[in-house]
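Step one of this worksheet: look at the structure below.
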Amino acid sequence: MPINRIAVGQVHEVRHPAALKAALAEFISTLIFVFAGQGSGMAFNKLTDNGSTTPAGLVAASLAHAFGLFVAVAVGANISGGHVNPAVTFGAFVGGNITLLRGILYWIAQLAGSSVACLLLKFSTGGLTTSAFALSADVTVWNAFVFEIVMTFGLVYTVYATAVDPKNGNIGIIAPIAIGFIVGANILAGGAFDGASMNPAVSFGPALVSWDWTNHWVYWAGPLVGGGIAGLVYEAIFISHTHEILTS
């Protein structure tokens, strides 16, 4: 079982040059992703007089996040694994594919990358609002909680199938685009209900810069639960345990 392979790691691990380079890669990749995703919504609002919540705005958000994540994962894959998401890192941890200490290092880098991206957007757009994720009318926190669990399960399951599984073969080549596509598709499914975060870092940056923490816990709890379940399920059922434990 994956639970037997969970490791805390050693303190010197987070000071190792390779770990620091991986964290920097996570910071840059997350900054790229959030700047493109959050920026596309701000640009759409400017061009359409706050029309980002329209059907066209949802499609635009889906495409921007899919393209942005495709690039962010691709440029970080060979350095850090291209997690770009605390929920992906948590799913890798519960599956025994990353240590707790390195995972925390990744989390810090991801949250910092998102925050810096939103600060840069606020400055470069002349002070436009980096809107925090919010629930739509008639959507409860528990509706959103389930949405985030299911959507993030699909995302992390895709990460495992295309990037983590050592049997992925040639399918690993398309991992970044597959990961981007599932996020884009999930935004089309859940964006109208709760914004479709699937990523605590993506939610954290806008909430911090706009200082709006309304229902923010949903955008942590849902993705972490969904990502954790996906990691446990895929690692326990589909991955052969004869391969070497991954460190990135």
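FYI, the numbering just counts along the sequence from 1. Scope of the values below: all heavy atoms of this structure, side chains included, with no hydrogens, waters or symmetry mates. Being a predicted model, the structure only gives us computed values, none of them experimental.
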Reported [atom1]-to-[atom2] distance for the pair [X] and [Y], which is rounded to 0.5 angstrom:
X      : Y      : atom1 : atom2 : answer
Asn97  : Arg102 : CG    : CZ    : 12.5 Å
Leu101 : Arg15  : CG    : CZ    : 10.5 Å
Leu128 : Asn45  : CG    : CG    : 8.5 Å
Leu155 : Thr152 : CG    : OG1   : 6.5 Å
Ile182 : Met151 : CD1   : CE    : 10.5 Å
Leu121 : Thr130 : CG    : OG1   : 7.5 Å

If we ignore hydrogens and angles and just use 3.5 Å, is the side chain of [X] paired with the main-chain N or O of [Y] as donor and acceptor?
X      : Y      : result
Ser29  : Glu26  : no
Asp212 : Ala132 : no
Ser62  : Leu58  : no
Glu148 : Ser197 : yes
Ser114 : Gln110 : no

Just say parallel, tilted or perpendicular for the rings of [X] and [Y], cut-offs at 30° and 60°.
X      : Y      : result
His65  : Phe33  : perpendicular
Tyr234 : Tyr160 : tilted
Phe93  : Phe90  : tilted
His83  : Tyr106 : perpendicular

Treating Ile, Leu, Val, Met, Phe, Trp and Tyr as nodes and any side-chain heavy-atom pair under 4.5 angstrom as an edge, say whether [X] and [Y] lie in one connected cluster.
X      : Y      : answer
Val225 : Trp142 : yes
Val139 : Phe145 : yes
Ile28  : Val88  : no
Val71  : Ile177 : yes
Leu20  : Phe27  : no

Using a 4.5 Å cut-off on heavy atoms from C-beta on, say whether the side chain of [Y] contacts that of [X].
X      : Y      : result
Leu120 : Phe35  : yes
Thr162 : Asn168 : no
Leu135 : Thr140 : no
Val202 : Tyr219 : no
Met198 : Ile187 : yes
Pro86  : Asn199 : yes
Val159 : Asn85  : no
Leu69  : Val84  : yes

Would you name the heavy atoms of [X] and [Y] that are closest together and state the gap between them?
X      : Y      : value
Leu224 : Ala87  : CD2-CA, 4.0 Å
Ala36  : Ala64  : O-CB, 4.2 Å
Ile79  : Ala25  : CG2-CB, 3.7 Å
Ser115 : Leu208 : OG-CD2, 3.4 Å
Ser131 : Pro206 : O-CB, 3.4 Å
Asp194 : Phe133 : O-CD2, 3.9 Å

Measure from the ring center of Trp107 to the ring center of Trp220 and say whether it is less than 6.0 Å.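 Centroid distance Trp107-Trp220: below 6.0 Å, so yes.
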